[in-house]
Structures are given as structure tokens and as C-alpha cells.
Amino acid sequence: MTDTAAAPPLARDAAPPRPMWHVVLVRPETMTLVLLVLGVIVGSQLSEFFLDINYILKSFTLSAEFAIVALVLTMVIIAGEIDLSPASNMALSACLFAWAQQAGVPMPLAIVIGLVSGVAMGALNGLMVIGLQLPSIIVTIGTLTLYRGLAQVIAGDKSIRVPEWFTGINAVFIAGIPVPVLVFALLSIVLGLVLGTTMFGRQIYLIGTNEVAARHAGVRSRRIRMILFLLMGFASAVAGLMTASRLGSVRYDLGLGGELQMVLMAMLGGTYIFGGRGTILGTFLAAWLLVIVTTGMIVANWLPAWQLCVLGILLIVSIIATNFIYSRTQR
Amino acid sequence: MLKKSLLIGLTAGMVFATGAFAQDPLKIVYIGKNTGNPYFDSITGGFEDACKSLGCEFEFVAPATAEATSQIPFIEAQIQRGVNVIGIAPNSPDALNAVLDSARAAGILVLTVNGDLTGNESHRDATILPTNFDIVGRDQVEMVGSLIGYEGEIAILSATTEAPDQNKWIVGMNETLASDPKYAKMKLVATVYGDDQPEKSTTEMEALLSNFPDLKGVIAPTTVGIAAAAQVVQSRGIAATVHVTGLGLPSEMRDFVKDGTVTAFQLWSPYNEGWLAVHFAVGVLDGSIKNEVGTTFEVPDLGTITINPNNSINTQASLTTFDASNIDDFSF
């Protein structure tokens with residue numbers, strides 16, 4: 001700013017536009033990418049067995065189901081809501097599917113039952129949050145427990161086998177990439193485009209930034225949030241069936257604790273927990289980051305205690321960085 | 001006799017050792033149910049000592065939680081590391097099938113140690129169990145019978161309602177009580193479940209005492225349950241009237257035995273499971289042991305071991321009884 005002195009006093013009110021490189025580079029996703037690259041470098045130093053693309057892809061399939069749901073969860077969080085029930089939803093929809101096919105229901109119908117029940121669970125969350133105006137964190141902590149409980153009622157403590165042909169989706173490769181990883185990548189592109197380029201996407205950001213203002217501006221907030229909860233239910237059911245296929249059997253504890261991993265992925269990717277900010281790209285990178293870091297430590301035979309410490313530190317660092325970056329670029 | 005078996009053991013050990021030194025040292029890994037469990041420290045100790053004496057490399061890994069699928073990434077990692085033997089205490093009887101299959105396809109010898117893939121035995125090469133689980137129930141009834149003079153009311157304080165091992169033993173206890181005239185004057189009045197949580201187990205034990213004032217004996221076939229039951233008996237000072245026994249860890253039960261709260265309880269030696277697993281694995285891989293039902297082989301300190309149906313191998317024929325006379329000999 002060489003002409004500050006010459007500028008009229010009015011110019012002090014308007015902040016100078018951020019330079020292009022600043023907009024592109026100073027954002028949480030950059031931090032995630034840097035951490036990801038660091039993770040790969042450190043991982044390859046920790047163990048000679050780490051740097052093997054097939055092994056990393058294989059390891060990713062173990063978290064791919066959670067990662068797929070995390071993509072949708074990112075949109076829910078951007079809209080200012082949260083859903084903590086998806087892992088329980090995965091278990092209940094998978095249990096209903098497995099129970100139905102075991103009871104003699106034809107497989108295609110059993111799959112439909114699983115998917116529909118997932119959507120219904122999303123709808124129940126949505127109705128309570130939007131219809132009854134209850135806080136989503138409380139509602140979904142409730143359904144997190146409820147869905148898991150129902151899954152145990154249905155499946156008991158035994159596991160239900162699924163037919164042989166249905167198993168092993170993680171061992172099916174298209175162009176050298178396991179199917180769950182491919183699904184995750186394609187969904188990332190689709191949701192990334194929806195969130196980044198469509199009116200629907202922009203409205204999600206608006207709702208998350210200021211719900212009341214968005215409604216006054218004519219955004220159909222209730223409807224959009226309901227759609228997000230339904231999508232969440234559907235994605236969870238798909239993830240549940242994919243897990244059932246990978247494991248070859250279904251138990252009520254399928255995906256236990258997965259909601260934390262999903263939230264972790266969204267947070268590591270720079271999604272702002274209070275809504276209004278975040279990207280699919282961030283969650284995409286964060287899912288890889290999480291897999292790289294955990295795989296690197298596991299193949300180096302690190303003790304779980306240290307693994308938990310590293311993951312905790314990673315999350316805290318990313319939250320601090322995200323908050324810092326957002327506060328700097330806010331206005 | 002002892003000298004002879006020692007001698008055989010030593011020779012066998014030396015044969016194995018030289019066999020193992022011929023190529024790269026064998027890499028053996030044991031995947032526990034979860035970390036921070038003293039029981040597994042003892043199994044690991046057996047693995048370590050045997051690997052030291054036979055010249056193989058050993059590592060212990062375990063997930064943070066004992067959730068059904070938490071061991072999968074650890075198995076994948078060991079395949080990637082190219083180990084020769086995976087010993088595992090499976091957290092699920094079937095969720096590990098696929099990954100164990102890929103381990104075996106990679107040429108890894110897969111042994112379940114201290115727990116088996118019940119119903120899915122074809123997904124592992126052999127299982128090493130502490131003792132014949134079919135007779136644990138019978139032995140436990142005899143134990144409590146001897147404590148209460150084979151007469152009076154007894155109760156069972158178990159783990160969870162679905163715990164497969166405990167349920168198998170409880171069936172054995174009921175059958176023994178019903179069929180053996182020796183125990184005709186003993187009456188099983190209740191079977192309760194403490195879910196392997198100290199608080200719940202304590203509550204269940206208190207409830208037993210108030211519901212059945214004439215209770216003379218309690219069998220708790222779980223390490224958490226027996227410790228909780230003993231704690232209740234100790235704090236109420238009723239050791240003379242209510243006899244607690246079951247399956248417990250010497251380390252956790254030592255004080256109760258020393259102060260007379262508990263006279264005797266049983267378990268096996270987890271250490272021997274690790275010791276046996278390594279000797280078996282090394283023998284199978286160097287060709288000196290055929291992994292077939294009916295094969296017998298010698299293991300130092302343990303004597304002659306037989307491979308039972310389903311490729312199941314036991315470290316000891318029956319339970320070890322711990323009381324004031326021997327409890328100080330055990331550290332696990």
C-alpha cells in the first residue's frame with residue numbers, strides 16, 4: 001500500500017482484499033495436506049514396510065466406511081448441526097439386513113430393507129431436530145444409544161453370517177483400487193461439486209453461518225437440513241452394508257465408536273464445529289491423514305497408548321490451527 | 001522320570017534351536033485382546049522366554065480396546081511386516097476370518113492362543129488352550145464341594161450372559177451337580193451375572209447374600225467376579241460361613257488368600273500357553289512337528305503334548321489349584 005497517505009479517510013473502513021495466494025494457501029486444508037505429507041515421510045522412516053501403495057490402500061478399506069459417512073457428516077456440520085448416531089445406524093441397518101436375509105427374505109429385498117431402515121433412522125433424527133426443534137447433539141446422542149440397543153435386541157450377542165457372494169467388497173478391485181476406496185473418492189468428487197458449486201451447497205453454508213438470517217433470506221433451512229439428515233441415514237446404511245460385506249458377518253457392535261473417527265476426520269479437515277465453514281476436500285485429505293498416521297504407527301508396532309497420544313495431539317493441533325486461520329481470515 | 005523328561009526336553013530344545021539358527025530367525029508376533037491386561041503379560045512372558053531359548057524374534061502388539069474388529073489392522077500390519085507366525089487371542093469368533101485367511105495365504109502360521117474361533121476353526125492352523133474346557137465346570141464343582149463339605153446352597157457369579165467360555169463351564173457345573181451323586185446334597189440356588197465389571201459384580205454378590213441367607217458357597221468362574229466376591233466377603237467378615245472360589249489371578253487374589261477370605265481357587269498357567277505356542281510353531285515350521293490330529297511332541301517343562309481333534313492343543317490336563325501353600329510361586 002504505497003498510496004495510503006493519498007487515500008481518502010473512508011478507505012480505512014474497507015479491509016484490503018486478501019491476495020490470491022493468501023486465499024488459496026492460508027486455509028485449514030493446506031495444513032491437512034502438509035500434515036499428510038509429513039505423515040507419509042515420518043511413516044516411511046518408522047518402518048520399512050510402510051511405503052507400499054497396495055498396503056496403504058488395503059488399510060484405507062478398513063476405514064473407508066467411516067470416511068464415506070464423514071463426507072456427508074461434513075455437510076451436516078457445515079449446516080450447523082451434528083449427527084453422532086451414524087455408527088449405530090450402520091450397526092442397526094446392517095443387523096436388520098442380515099436378520100432379514102437369514103429369515104429367508106431374498107437378498108435384493110434384504111438390502112433394500114437395510115437401506116430404507118437407514119434412511120428411516122436419519123428421518124427420525126431429522127424430525128426430532130427440525131420438527132421438535134431439539135438440539136441435534138442431544139438427539140443424536142440419544143439415538144446413538146437407541147440404535148445400538150435395538151441392534152443388540154435384534155442380533156443378540158451372536159453374529160449373523162451373510163452369504164458368501166456378498167462378502168469381500170474390499171477385495172474387489174477396479175483399476176487396481178479397492179471398491180470402497182473408489183466409492184469414497186467418487187463420492188468426494190460429487191459432494192465436493194455439490195457443496196462448492198451449486199445453490200444447494202451455498203445455502204448449506206448460509207444456514208450454518210446464520211440460520212435465522214438464512215431463513216429470512218428465503219433459504220428453506222428446515223427442508224435442507226432434513227435432506228442432510230436423510231442423506232446421513234442413507235450413507236450410514238450403505239456404510240453398514242459395506243462393513244458387513246468386508247467382515248462377512250454382522251454383530252450388534254459393528255462400527256462401535258465409529259462416530260468419533262468420523263467427527264475426527266471432519267475436524268482434521270478443517271470443518272468448523274460451529275458451522276458455516278469447511279470443505280469436502282478437507283475431509284477427503286483428513287481421512288487419508290488419519291489412515292496414514294494410524295497405519296504408520298501400527299506397522300511400526302507402536303503401543304496403542306502412544307498411538308492414542310499422537311492422535312489426540314493431532315486433533316488438538318488441527319483445532320488450534322483451524323481456529324487461528326479462521327479468525328485471521330474472518331473479516 | 002523327571003530327569004528323563006527334562007533330558008528329552010533339553011535335546012528337543014537344542015534340535016529346535018539349531019534348526020532355527022540355520023536360516024533367518026523366525027519372526028513370531030502375539031496379538032492380544034487389548035493392552036493393559038496382566039493376564040496377557042503372563043502369556044507374553046512365555047512367548048518371550050521360549051523365543052529366547054529357541055532363537056526367534058518375538059513382538060507383542062494389541063489394540064487399545066477389545067472390540068470385535070480392532071485387531072484387523074494389526075493383523076494386516078503383521079502380514080505386511082512378513083512375520084512367520086501370528087499368535088492371536090481373537091476378539092471375535094468370525095469377524096477375523098477374511099484377514100486370517102489372507103495371512104495364511106501369505107504363508108503365515110496362524111495360531112489362536114487362549115481363545116479360539118469357535119465354529120470357524122478352518123481359518124486358523126491350530127489353537128492353544130490352557131486346559132480342556134470341557135472339564136472346567138466339573139473341577140469347579142468339586143472345588144466348592146470340598147470347601148463346604150459337599151452340602152448346602154451354592155450360587156454362581158459369572159461374567160456376561162453371553163460369555164461363551166463361562167457359559168460352557170456353567171453347563172458343565174449344572175450337569176455335574178445333576179448327575180454325580182457325590183454332589184446330591186448341594187443345591188445351586190442362583191446364577192447371576194456381574195458382566196465382568198467390578199461394581200456390577202459387587203452388587204450381584206451383595207444381592208446373593210441378602211436373597212439367600214443360607215448360602216454356603218459361591219463359584220465365580222471369572223477373574224473379575226471372584227475378586228469382587230472376595231472383596232464383599234472380606235468387608236463383611238463372613239469368610240467362615242460363605243466360601244468363595246472360582247477362577248482368579250494369583251496376583252489379584254493373593255491378599256484374600258493370605259488373610260483367609262478365600263481358601264483356594266483355580267486357574268491355569270497363562271505363561272505355559274506362550275511357551276507351548278513358540279515350541280509348537282518352531283517345530284511345525286522346521287518340519288519336526290506335523291500339525292495333524294493325534295501327533296505327539298515333547299515340550300521342555302510340559303512333557304508330552306498331543307494334538308487333539310480340531311487341531312486343539314492344551315498346556316495342562318486339568319486346572320491348577322492355588323492356596324496359601326503355593327500362591328507365592330505365581331506372579332501373574
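Below, each value reflects all heavy atoms present in this structure, side chains not excepted, and no hydrogens, waters or symmetry copies.
For B/Asp101, no part lies under 4.5 angstrom from a heavy atom of chain A. If you measure heavy-atom distances from B/Glu67 to chain A, the contacts under 4.5 Å come from the side chain alone. Only the side chain of A/Ser47 has a heavy atom closer than 4.5 Å to any heavy atom of chain B. Only the side chain of B/Asn97 has a heavy atom closer than 4.5 Å to any heavy atom of chain A. With a 4.5 angstrom heavy-atom cutoff, A/Ala171 does not touch chain B via any of its atoms. The parts of A/Arg246 that come within reach of chain B are both its backbone and its side chain, each placing non-hydrogen atoms under 4.5 angstrom from that chain. The contact between B/Ala98 and chain A is made entirely by side chain atoms (from C-beta outward), counting heavy-atom distances below 4.5 Å. Both the backbone and the side chain of B/Pro73 come within less than 4.5 Å of a heavy atom of chain A. In this structure, chain B has a heavy atom under 4.5 Å from the side chain of A/Ser249, while its backbone stays farther away. Looking at A/Glu48, there are no atoms closer than 4.5 Å to chain B (heavy atoms on both sides), in backbone or side chain. For a residue to count as touching a neighbouring chain, one of its non-hydrogen atoms must lie under 4.5 Å from one of that chain's; by this rule A/Leu62 touches chain B with the side chain only.
In this structure, A/Phe166 and A/Phe97 have tilted ring planes: the angle between them lies in the 30° to 60° band. Note: B/Trp275 and B/Tyr271 have parallel aromatic rings, judged against thresholds of 30 and 60 degrees for the angle between ring planes.
Side chain of B/Gln166 to backbone of B/Ser158: no donor-acceptor contact under 3.5 angstrom is found. The main-chain N or O of B/Ile156 is never found under 3.5 Å from a side-chain atom of B/Thr191 such that the two would form a donor-acceptor pair. Side-chain atoms of A/Gln101 come within 3.5 Å of backbone atoms of A/Arg161 as a donor-acceptor pair (strictly under, hydrogens ignored). A donor-acceptor pair is defined here as one N or O able to donate and one able to accept, closer than 3.5 Å; no such pair exists between the side chain of B/Glu175 and the backbone of B/Met173.
Each of A/Ile298, A/Leu303, A/Asn301 has some count of heavy-atom pairs under 4.5 Å with chain B, and the biggest count is that of A/Asn301. Contact tally against chain B (heavy-atom pairs below 4.5 Å) for A/Thr294, A/Thr295, A/Asp52, A/Leu308: the top residue is A/Asp52.
Side-chain atoms of A/Thr140 and A/Ser85 include no donor-acceptor pair closer than 3.5 Å.
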Pair B/Glu59-B/Val83, side-chain contact (heavy atoms from CB on, under 4.5 Å): steps then yes or no: CA-CA 10 Å; B/Glu59 286 219 58; B/Val83 299; over 6 Å; no

Worked check of ring pair (Phe, Tyr, Trp, His ring centres under 6.0 Å) between A/Phe60 and A/Phe184: CA-CA 10 Å; A/Phe60 193 89; A/Phe184 170 70; 5.1 Å; yes

